[in-house]
Number of protein chains: 2
Amino acid sequence: MNLKELSKRLGLSQTTVSRALNGFPEVSEATRTKVQAAARRYNYRPNNRARGLATGRTMAIGHVIPVSSKHEIVNPVFADFIAGAGETYSGADYDMVLTVVSDADEADAYRKLRAKGTVDGIIVHGPKVDDARIALLHEIGLPFVVHGRSSEATLPYSWLDVNNRRAFERATSFLLDLGHRQIALVNGLETMDFAFRRRKGYEAALAARGLAPDPQLMVSDEMTEANGYQATRRLLDLAAPPTALLTSSYISAIGARRAVEERGLKLGRDISIVTHDDELSYFRNGEDVPIFTATRSSVREAGRQAAAMLLELIADPDLTPQTRPLEAALIVGASTGPAPR
Amino acid sequence: MNLKELSKRLGLSQTTVSRALNGFPEVSEATRTKVQAAARRYNYRPNNRARGLATGRTMAIGHVIPVSSKHEIVNPVFADFIAGAGETYSGADYDMVLTVVSDADEADAYRKLRAKGTVDGIIVHGPKVDDARIALLHEIGLPFVVHGRSSEATLPYSWLDVNNRRAFERATSFLLDLGHRQIALVNGLETMDFAFRRRKGYEAALAARGLAPDPQLMVSDEMTEANGYQATRRLLDLAAPPTALLTSSYISAIGARRAVEERGLKLGRDISIVTHDDELSYFRNGEDVPIFTATRSSVREAGRQAAAMLLELIADPDLTPQTRPLEAALIVGASTGPAPR
DNA sequence: TGAATAAGTCAAAGCGCTTTGGAAATCTGA
DNA sequence: TCAGATTTCCAAAGCGCTTTGACTTATTCA
């Protein structure tokens, strides 16, 4: 069923039917309800492409998901972020188009999205400390919102980000207050902006107590379970092993826990762990008492909000770049306790 | 840059330029190379929507991701499946459009995708034992491939699925061979087809040894870490606790492990766990020796193949439904051992 | 009552592409 | 050399929608 048929059936022109359906005022209420009823009956929906051609808008948002070309790793937080963004889109009748691309081809993927006119805007995932995509997207002129930030970017851009620096500063202080002095940081790759900022926060908290960061206690790698495990093992093997660990993801924390258990140590007594908790839907951090003490910020909610920001940006192109910092809550769970002595 | 401009610049008609770019034979090689060079120089790419309008094809595939309306859970295997499918699409120049929808609105989502002409085909995720979507998609006439199967479906359809029955039958037999007699099944929701089949396999293996399944030892729920943990705790509290556990997902297995460790039991000695391992990129099941004994089948590879099947189906619409069963490997890791006595 | 205004509707153009049905130019063979 | 075949190119239609500008018909006011 298309517009032509529908309007023929109704004995009206395409113009009138189109206007009736799109809520234009120059259509009488009588015809409007008649048209709407018919549209519903025949399950008529304007063809996406045709409408796009006519309006110049695609009603679609692009998400470019980078996969580490080396390890082929799909960041697990995407699933929840996208679920959140999807909620916003479906409410606004937008589609979401996903491009999975190894980071080497990323620039090309954005160019292509633009040239083919596939989307009206883009959400940028996983920004690096110095991310070339921000300049690129400015150049190609497509509205975008960054999930995260890029510390060394010079151009203005819209972003939504957890205050990672503050979160890890607070987490570190929390451990210091408990008497820990040997605190390890099991971070994500520090080319990633979020990891970079978390480290800054960690270092700031140490500095505030006059402590110097110990390079031996700082590791940085892809945040898989396996890496969390390996890193923790190595840390526990040090001559002066840490009494507390800060991990950058719930998943590394699980790996860390495995290493801790393996040594027969008790979490929260022999060693403390604080992690970042994205509130992944399949990894709820406990019910009543959180399993891990954590800096908590829902990535799903971030998805919802980032999508909404982008839609606003698209609706009003001469809006100045919007920024939305989110604070992570520091929640206390069973994985931390006073430093053993 | 669009076709009109490009052809004007080249002093050729739109027809010729279009044909040159699309590899039609009625264009001389000389003009073709000239046109291609110009296209590259101006980064010309045919507008998606316009091309779609003209050809009737969208060059896009729809993935409808159901989220459990009750718990808002996004199945974690989607991320890897989609990464795999994405590889296939980018090779074939297809886009992927994602719709995240609570299962109540699912039927409507498919109808909408069809009526708006957003996609050329659909991948169906998470089929139920009796899944209404198969009939629905037949009705609306959109090519589709199901990731998984629907045991009670009557209409023919294309699918790609792990042989879940066999996998869990083998896993159960493996545990029986080790002397285990109290074997628990921590399954996914058994309205889901994969979980239903795994249970059948589990029961078949027991029956083959003349054992009756014990309802107390069979639990079925969303496969989160928390549920794996809770289920295992309850199982360990039984008067006659199981000596072995079969879990349906790596993530439940992690929950199970937490419960086991908490009791001070040693995995592979005091209690054995076999899990299903989708080879999630962020949860590699160990490096040299697998952490968990597992039935293993890469969900990412499944994504690649399912996408390829769908593209074939789209290319040749009168192909009969294709089916692709995959065998899971049974890999032995550190989480299993002989039954304690 | 008639002119001015408002309300309701429509025909047609245009979005950027593919493709049909020629036409012009070039090549072939006797 | 010239009809016929072949190669190379093109104008125009059409995909399904929105939107401009104009045209009817109904309503209002002096």
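Note that these values count all heavy atoms, side chains included, but never hydrogens, waters or copies made by symmetry. As the structure is a computational prediction, the values presented were derived from the model and not from experiment.
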Residue pairs involving residues 31-43 of chain A (criterion salt bridge (charged side-chain N to carboxylate O under 4.0 Å, His left out); sequence neighbours excluded): A:Glu29-A:Arg32

Between residues 114-121 of chain B and DNA chain D, which residues have a heavy-atom gap below 4.0 Å? none

Among residues 28-40 of chain A, which residues get a heavy atom nearer than 4.0 Å to DNA chain D? none

Side chain B:Ser158, main chain B:Pro321, donor-acceptor under 3.5 Å: no

When you compare the side chains of A:Asn47 and B:Arg49, does any donor N or O come within less than 3.5 Å of an acceptor on the partner? no

Just distance, no hydrogens or angles: give the donor-acceptor pairs under 3.5 Å from side chains in residues 109-119 of chain B, sequence neighbours left out.
{"residue": "B:Tyr110", "atom": "OH", "partner": "B:Arg133", "partner atom": "NH1", "Å": "3.2"}
{"residue": "B:Arg111", "atom": "NH2", "partner": "B:Glu139", "partner atom": "OE1", "Å": "3.3"}
{"residue": "B:Arg111", "atom": "NH2", "partner": "B:Glu139", "partner atom": "OE2", "Å": "2.9"}
{"residue": "B:Lys112", "atom": "NZ", "partner": "A:Asp93", "partner atom": "OD1", "Å": "2.9"}
{"residue": "B:Arg114", "atom": "NE", "partner": "B:Ile140", "partner atom": "O", "Å": "3.1"}

Rounded to whole Å, CD of A:Glu26 lies from C1' of D:dT24 at a distance of 16 Å

If you look at every heavy atom in B:Ile82 and B:His63, which pair is closest and at what distance? CG1-ND1, 4.2 Å

Any side-chain donor-acceptor pair under 3.5 Å between B:Ser18 and B:Thr15? no

Produce the list of close N/O pairs, under 3.5 Å, pairing protein atoms with atoms of nucleotides 13-19 of chain C; give distances to one decimal.
{"residue": "C:dC15", "atom": "O2", "partner": "A:Ala54", "partner atom": "N", "Å": "3.3"}
{"residue": "C:dG16", "atom": "N2", "partner": "B:Ala50", "partner atom": "O", "Å": "3.2"}
{"residue": "C:dC17", "atom": "OP1", "partner": "B:Tyr44", "partner atom": "OH", "Å": "3.0"}
{"residue": "C:dC17", "atom": "OP1", "partner": "B:Asn47", "partner atom": "N", "Å": "3.1"}
{"residue": "C:dC17", "atom": "OP2", "partner": "B:Leu3", "partner atom": "N", "Å": "2.3"}
{"residue": "C:dT18", "atom": "OP1", "partner": "B:Asn22", "partner atom": "ND2", "Å": "3.1"}
{"residue": "C:dT18", "atom": "OP1", "partner": "B:Arg51", "partner atom": "NE", "Å": "3.1"}
{"residue": "C:dT18", "atom": "OP1", "partner": "B:Arg51", "partner atom": "NH2", "Å": "3.1"}
{"residue": "C:dT18", "atom": "OP2", "partner": "B:Ser18", "partner atom": "OG", "Å": "2.7"}
{"residue": "C:dT19", "atom": "O4", "partner": "B:Thr15", "partner atom": "OG1", "Å": "3.2"}

Any non-hydrogen side-chain atom of B:Pro66 less than 4.5 Å from a side-chain atom of B:His125? yes

Inter-end axis angle, the helix from C:dT1-D:dA30 to C:dA30-D:dT1, with every axis fitted to five base pairs (rounded, 10 degrees): 50°

